[in-house]
Amino acid sequence: MAVHERFAPLPESAAARPAELEEALVAAWRAEGVFESLQAARKDAPRFVFWEGPPTANGKPGIHHVFARAIKDAVCRHRTMLGRLVVRKAGWDTHGLPVELGVEKELGISGKPQIEAYGVARFNARCKESVWRYKQDWEKLSERIGYWLDYADPYVTYDDSYVESVWHLLARFHRAGLAYRGKKVLPYCGRCGTGLSSHELGQPGAYKEVLDPSVHVRFKVVGSARGESLLAWTTTPWTLPSNIALAVHPQEPYVLAKIYLPVQKGAEKGSAGTELAWIAKARAQAVLGAHEVVEERLGRELAGLSYQPLFDAEVPCVDPGAWKPDTSALHKVWTAEYVTTTDGTGIVHQAAAYGVDDWEVARRNRLPVKQAVGAEGRLVVDVAGVPAGTFFKDADEALSEDLKRRGLLFKKAKEPHSYPHCWRCDTPLFYYAAPAWYLRTSSMKQRMIELNREVRWIPPEIGSGRFGEWLENNIDWNISRDRYWGTPLPYWTCDGCDAEESIGGKDELVLKCGRLPDAFDFHKPSIDEPTWPCAKCGGTMRRTKSVLDCWFDSGAMPYAQWHWPFGAGRAKAEAQYPADFIAEGLDQTRGWFYTLHAIGTFLQSLPDAGLPPGPPYKACLVNGLVLDKDGVKMSKRLGNIVDPWQAVSEHGADAVRWYLLSSGATHLPKRFDPAGILEVRRKHFGTLVNSWKFFSDYARLGKGFDPARPAPIHERPEIDRWLASRTQSTIAEVRARMDDYDLAGACRALEQFVGDDLSNWYIRRNRARFWKGEWTADRDACFHTLHDALRAAALLMAPLAPFLSEAIWLRIAPGAGSVHAQLLPEPRAELLDHELEGAMRLVVRLVEMGRALRERAKLGIRQPLRAIHVRASDARALELLRTGFAAEQVLGELNIKAIGSLAADDGAVCSLKAKANFRVLGKKVGGLMKSVAATIDALPAEAAARLRSGVAVPIEVEGRTIELAPEDVEIRVETSGAFDVETDGRLVVWLDADLDEELLGEGLARELNSRVNALRKESGLGVEDRIALHLEADGARLAVALQRHAALIQAETMAASLGALASAPAGATRCRLDFGPEGRVEVAFKKLG
RNA sequence: GGGGCAGUAGCCUAAUCUGGUUCUUGGCAGUCGGCUUAUAUCCGACGUAUUGCGGGUUCAAAUCCCGUCUGCCCUACCA
């Protein structure tokens, strides 16, 4: 890596325009092949296996991709810095409907007929090409945000080798008996001749308000002496010829009511006689009006009743595939939980071919499936005088007429409701059972659930909740899509006898059909050409027309990315299996996370697959969606999309990454607020940049400093040993959090270390040591201490903020290579000092209280005070505060001359008060809690003191004596108000606020220093510039102060000389400072040299 | 329709699993003050919350239970 002068300053723009520094690093990393050589160096190291989920490159990357990539990058970099080889192979998801739709739009065509007319070969060629439209965007953005990925050798799901591996997997499923042909009920467009995905159904305008028939129909019960019928309701009369059953709710009450049969127009109601009909009790009033109930039964008691079909047409049955139909189950009443009584009659007509719920009822009860309307949306047989070929919507009227003539139509009306239409051609859709291939994943359900228990989910509730429940309700996986651009299913079927064969690779295909043409391609249409004679019947084996669900493609990546199990791919895949870690968005739970899990679980069961036991991935970190700053989902329509490029170029990738990783819980929806990034930049990165500036400025001046020769730790002052200890604790904490995938926790620990400890305490308190006087051991010590802290910060931050950490690292260890190639330091136990850290926490508390006291007393920090008094209720705290270190820190920070007194709290200054500890006492006294608490509240201070010293105290409550143990109460300290006291409950602090002339004078001198220094700065003087200072006081006390503290003033203002105003040279900066009631000081100074 | 997650000040957020008294934590933005020639931060003081709403369990509910409303996510789409 680029070699800088040791301790070189960061570029001026590092804080204001971080993008400049980052872009330079991106270029340097690329030019020097840092990632590649790091990977080469780790070649033989133990692996940490990471799998990259493939994005589709036919859309631009968004800010949520930056989020997921920041997570993945941070974890991978961390593991690399632990010495592991982390293979980071890029991948592209290239198949699927969204790609096809994009191309259709581009070509200005729509629907399958038009694609066929355009030519499938040309169409697929366009698809293949279109996938790479945004490849550059992805690669550039990834590089820019520091997401290291091997883009030179990505896996691409349309590659022949990838497809061949997928074929192998699909053939294994088939040969294991886990792939079968069935039907799937899906929304279908008769005109386009294709099923629509739910995604297409979600297109705007798909659902339209239409007026549909609403008919009540009577189904006559077979073998009823009383002439009963079942009253059913439907809005799709065209499905009635395909009726196979009626469904009732098992727990719902139904009534047998007397109804008047329909009459011809003009005839008197009831003249056609009456009949008995079943209807849900809850619907009887609404449907029948006034009626007479003959009998009442629960739904499940109706189950099994047989009825006469409405039409006698010979309606063809289709093979459902998923079950063997039982014809004796036909035309009976079955129960189904989904039946409601909010509308209709509570008796639902079942046409399995045209409804998903109906299909489910048929599957459970092994019903045959009748299908009177075919794929084109037209009747396939003559029904009741309606000729075959009639469009389904047009059959409604004619069929209703027929039923009316035969007296089976009880009621007819038109009802408005929303109905789906094809978003391309506006044709009303119908639900249709289309042929499909399934994987019998439900047979592996138990195994999948067991393996899922071994997955470390972050957060855990995704694994047990969303994902676990999805597995519990697992249904077979429909893997076929009636489209063009996808992995072709490697399943051939015989057009004569229905035999099936699966093909697990190119060689197998060649064996079957002889030589393949030179220009052969593993996609449609050329893949549909090879055929061969059926071994059983001599018919022709042809490939199933469909292509594969592209989710299978992505779930196959652990194997297919290496061309497993062919050739060298076998070993490569085994070396990268299982994954130690994957991470994607929550929306992948039922997508990639599931498909990986399902395919992996299946392969486990194959003895010859050679894969180790256990789940395919061991840890899965899930991130939530990224919303806009108001919590609204980002969408083009609302125009609230955050452009990742804009955010990154404005704030820098480090700040964007840090913001995304550190704010809120990873898995919850995240609001993306630019103000938050700005805060991260200012507080964290700004502070770090400034800390480096401070260190580098002085380290380059301090010629005596050599980081290779550290000052022995025990010879350094306590404040240094404290920061050294904090450095080590931070190393330990950040490592532990990163190991545990708690990226936000690691960020927090680093923010605290850099912002609070390193910068705002250590540097601030020790500034003078860095520049004052000769090169001494003490001066050497502070450089080493700060150097080591900054070095650790750079290393620890590297996985999270790869740029700034690199920039600092290259200046702290020139020639050592990239920070990302380093090993993370181990915490050094010999530098840890818990006592010192504890003492410092107490110091901080005391200082805070001291400042509060000063505030109230209106005593600015520049006014020295005589003494501070401390009482501590905890012996351990007292001991820590007695160290010279603690005293020195408190006094220095608060500008106080001495510790006036430091003693155990005797309750004399503040009164002790006991408060009930509800958590403990509640269990003991239960219902008496309220009175017990009141009694404790009223306890005298003397009793509280006894309790605090560990003695039990009996109390009387409602006639009962209760022995109060020390752990039953909390002792608090309350201020009495005699003089101003501050307490946090454990420490009591007050100030000696008496000021004498001496203190007042010093205060004035310090005030003057501050004002003069402000003037120096205003007039553009540098820190090291020396001045000639001339002063004249107007005010007695001021005059004395100037005289007495002349040396201090000279030292603090870098004044080489101090003289009277009268002797000020020409051209000196002059100013009159107002000290209120104390008077004024005339100042003149001039830069020397 | 089914399943899940969430609702705490003007805004964000902790505490919710495992109930406790912590007059609800921290931050942002606001006002006032302090420290500091590292100008990036930092420190102190000052509001505003019947913890979405309504019930219940309990000595005790932000927390557990029931209902309800709102938002989001996933999934399905109804005779």
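Letters A, B, ... mirror the listed sequences (proteins, then strands); counts begin at 1. Note that the structure is a prediction, hence the values are computed from the model and not measured.
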Do the rings of A:H684 and A:W658 sit parallel, tilted or perpendicular, given the 30° and 60° boundaries?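 If you compare the ring of A:H684 with that of A:W658, the planes turn out parallel.
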
Quick one: do [X] and [Y] make a salt bridge, cutoff under 4.0 Å?
| X | Y | answer |
| --- | --- | --- |
| A:E1007 | A:R1011 | yes |
| A:R748 | A:E751 | no |
| A:R1006 | A:E1052 | no |
| A:E252 | A:R283 | no |

What is the nucleic acid contact for [X], judged by heavy atoms within less than 4.0 Å: base, sugar-phosphate only, or nothing?
| X | value |
| --- | --- |
| A:Q350 | nothing |
| A:G922 | base |
| A:A916 | sugar-phosphate |

Going by the glycosidic torsion and a 90 degree boundary from 0, is the base of B:G26 oriented syn or anti? anti

Report the distance from atom [atom1] of [X] to atom [atom2] of [N], rounded to the nearest whole Å.
| X | N | atom1 | atom2 | result |
| --- | --- | --- | --- | --- |
| A:D396 | B:A79 | CG | P | 12 Å |
| A:E679 | B:C11 | CD | C1' | 12 Å |
| A:F593 | B:U75 | CZ | P | 14 Å |
| A:R854 | B:C43 | CZ | C1' | 13 Å |
| A:L660 | B:C12 | CG | P | 18 Å |
| A:H349 | B:C78 | NE2 | P | 13 Å |
| A:F467 | B:C74 | CZ | P | 17 Å |
| A:R845 | B:G44 | CZ | C1' | 17 Å |

In the 5'-to-3' direction, what one-character label does each nucleotide of nucleotides 33-40 of chain B receive under the scheme B = base within less than 4.0 Å of a protein heavy atom, S = sugar-phosphate only, - = no such atom? S-SSBBBB

Using the [atom1] atoms only, state how far [M] lies from [N], rounded to an integer number of Å.
| N | M | atom1 | answer |
| --- | --- | --- | --- |
| B:U57 | B:C65 | C1' | 7 Å |
| B:C43 | B:G26 | C1' | 16 Å |
| B:A9 | B:U50 | C1' | 13 Å |
| B:U68 | B:U75 | P | 25 Å |
| B:C17 | B:C5 | P | 14 Å |
| B:C11 | B:G30 | C1' | 12 Å |
| B:G71 | B:A38 | C1' | 46 Å |
| B:A29 | B:U70 | P | 35 Å |

Pairing string, 5' to 3', for RNA chain B - Watson-Crick or wobble contacts under 3.5 Å, brackets [ ] where pairs cross, | to another strand: (((((((..(((.......[.....))).(((((.......))))).....(((((..]....))))))))))))....

Ring centroid separation A:W278 to A:Y254 under 6.0 Å: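 Between A:Y254 and A:W278, which both carry aromatic rings, the centre distance is not below 6.0 Å.
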
Holding to side chain to side chain donor-acceptor pair (under 3.5 Å), I want the full list of residues that pass it with A:R845, two or more places apart in sequence or in another chain. A:D984

Determine whether the side chains of A:W761 and A:E893 contain a donor N or O and an acceptor N or O closer than 3.5 Å.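 Not at all, the side chains of A:W761 and A:E893 share no donor-acceptor pair under 3.5 Å.
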
Does either side chain, that of A:H216 or that of A:T345, offer a donor lying less than 3.5 Å from an acceptor on the other one?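 A:H216 vs A:T345: no donor-acceptor pair found between side chains.
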
Nearest-neighbour nucleotide for the A:A852 side chain, B:G44, B:A79, B:G20 considered: B:G44

Heavy-atom count around A:K1087 NZ within 6.0 Å, excluding the residue itself: above 12?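 No, not enclosed.
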
